[in-house]
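Here's the structure we're looking at; comments come further down.
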Amino acid sequence: MTEQLSYLKRASLTRHPIAQKLFKLMEDKKTNLAVAADSTSQKHVLELADALGPSICLFKTHVDILSDFTPDFGKQLQEIAKRHQFVIFEDRKFADIGQTSALQYAGGIYRIADWADLVNAHIVPGPGIIEGLKTVGHPKGQGLLLLAEMSSQGTLAKGAYTKKAALLAEQFNDYVVGFISLRKISSNPTFIHMTPGVKLKPGKDSLGQSYRTVEKIIGKNLSDLIIVGRDITHAKDPLQQALLYQQAGWEAYKSSRDLR
Ligand code: 5BU
């Protein structure tokens with residue numbers, strides 16, 4: 001078993017307000033589960049947030065798939081997040097030059113920067129994308145996750161690319177709070193690792209998604225947080241299913257680490 005710092009300890013090491021809040025509430029609520037709410041109905045997404053709120057630490061959205069989006073979506077989601085204490089992550093995957101990404105983040109129809117605590121970015125464009133997003137998000141106390149690895153089959157985000165993500169995170173450590181990755185890729189305890197493509201049993205979907213187990217991601221790969229979508233949102237009883245993941249995630253965290 002490797003010696004690792006607890007989420008709580010890590011909350012005290014980071015100076016980023018969202019990372020601090022996230023680490024703390026993970027420990028308080030005993031959950032490292034995030035749900036990916038990929039419904040095209042805003043009403044359904046908000047219902048999921050309210051129903052699953054107690055068992056999650058983070059709620060992940062794709063606002064641009066909503067077919068009935070209204071401008072009060074963010075405000076409504078923030079109210080639910082406050083009530084149940086979870087962090088909001090818009091999985092926007094910015095990928096343009098800094099100037100354009102900043103406009104996409106702050107403006108347009110969705111005004112993501114008005115309501116999302118966290119967003120993420122590909123590092124394909126180089127450091128300018130981080131600088132651009134930072135001009136919008138940092139003054140608001142929001143944070144950025146870098147896409148260091150992806151869960152899909154044949155992903156090109158690996159090797160030197162993944163290492164570069166870790167270096168860029170260090171360079172912008174007052175704004176970057178961590179990574180989307182399949183494993184722990186940085187030994188800096190202030191960075192959080194979030195992993196999508198997680199199921200209770202390994203497998204894949206018909207469009208290249210591959211699934212790894214909770215035990216593998218949290219227990220063996222030492223990632224910090226699991227992101228689960230359809231296996232919860234499409235379950236007969238989503239809350240019951242979320243509880244299963246919450247328990248599995250917490251058990252894997254506790255049993256795999258010699259926590260300090
Ligand atoms: P699923 O239903 O559990 O397969 O949903 C996974 C979610 O995570 C979905 O919203 C994807 O957009 C998101 N995702 C992913 O699956 N893999 C990645 O590498 C990244 C995001 Br980045």
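Just so you know, these numbers use all the heavy atoms, side chains as well, and skip hydrogens, waters and symmetry mates. In this text the structure is predicted, and so the values were computed from the model without any measurement. Note that ligands are numbered from 1 as they come in the structure, with each ligand's atoms numbered from 1 the same way.
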Under-4.0 Å heavy-atom contact with ligand 1, by part of [X] that carries it:
X: Gln209; result: side chain
X: Lys93; result: side chain
X: Asp231; result: neither
X: Asp91; result: side chain

(message) So for His234, does at least one of its heavy atoms come nearer than 4.0 angstrom to any atom of ligand 1?
(response)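 His234 does not count as a contact of ligand 1 under the 4.0 Å cut-off.
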(request) Could you establish whether Lys60 and ligand 1 come within less than 4.0 Å of each other, counting only heavy atoms on the residue side? (result)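 A heavy atom of Lys60 does come that close to ligand 1.
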Within a reach of under 6.0 Å around [atom1] of [X], are more than 12 heavy atoms found that belong to other residues, nucleotides or ligands?
X: Arg260; atom1: CZ; answer: yes
X: Lys9; atom1: NZ; answer: no
X: Lys184; atom1: NZ; answer: yes
X: Glu79; atom1: CD; answer: yes

Name the closest protein heavy atom to [atom], giving the residue it belongs to and the distance to 0.1 Å.
atom: atom 9 (C) of ligand 1; result: Asp38 OD2, 3.1 Å
atom: atom 12 (O) of ligand 1; result: His62 NE2, 2.8 Å
atom: atom 1 (P) of ligand 1; result: Tyr211 OH, 3.5 Å
atom: atom 22 (Br) of ligand 1; result: Leu147 CD2, 3.0 Å
atom: atom 17 (N) of ligand 1; result: Ser151 OG, 2.7 Å

(message) Using the rule given for salt bridge (Lys or Arg N to Asp or Glu O under 4.0 Å), can you reason through Asp224 versus Arg10, listing the C-alpha separation, both sets of side-chain angles and the distance that settles it, and then say yes or no?
(response) CA-CA 11 Å; Asp224 299 307; Arg10 290 163 70 185; 2.8 Å; yes
(request) Going by heavy-atom distance to atom 20 (C) of ligand 1, choose the closest among Gly229, Ala34, Pro196. (result)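 Selected option, by shortest heavy-atom distance: Pro196.
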(request) Say whether Arg230, considering both its backbone and side-chain N or O atoms, lies within less than 3.5 Å of an N or O atom on ligand 1. (result)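 The answer is yes, given that Arg230 and ligand 1 share an N or O pair closer than 3.5 Å.
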(message) Please report whether ligand 1 has a polar contact with Ser152, defined as an N or O pair separated by less than 3.5 Å (distance criterion only).
(response)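 No, no N or O pair falls under 3.5 Å.
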(message) Regarding Ser186 and Asn188, do their side chains bring together a donor and an acceptor under 3.5 Å, going by distance alone?
(response)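 Judged by distance alone, the side chains do not pair up.
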(request) Assess the side chains of Gln85 and Asp28: does a donor N or O sit below 3.5 Å from an acceptor N or O? (result)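 On atom types as modelled, these side chains do not qualify, holding no pair under 3.5 Å.
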(message) So if I count the atoms of ligand 1 from 1 in the order they appear, which ones are less than 4.0 Å from some heavy atom of Ala36?
(response)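 Reading through ligand 1 atom by atom, the close ones are 7 (C), 10 (O).
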(message) Under 4.0 Å from a heavy atom of Ile180: which atoms of ligand 1 are those, numbered in the order shown and with their elements?
(response)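 The list of qualifying atoms is 22 (Br).
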(request) Among Ile112, Asp91, Leu77, find the one that has a side chain to side chain contact (heavy atoms under 4.5 Å, CB included) with Thr61. (result)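 Testing Thr61 for a side chain to side chain contact (heavy atoms under 4.5 Å, CB included) against Ile112, Asp91, Leu77 leaves exactly one candidate, Leu77.
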(message) I'd like to know if Lys134 pairs up with Asp174 as an ion pair, taking the criterion as any Lys NZ or Arg NE/NH1/NH2 lying under 4.0 Å from an Asp or Glu carboxylate oxygen.
(response)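 Judged by the 4.0 Å cut-off on N to carboxylate O distance, Lys134 and Asp174 do form a salt bridge.
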(request) Ignoring hydrogens and angles, tell me if any N or O in the side chain of Glu27 forms a donor-acceptor pair with the backbone of Leu8 under 3.5 Å. (result)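 Yes.
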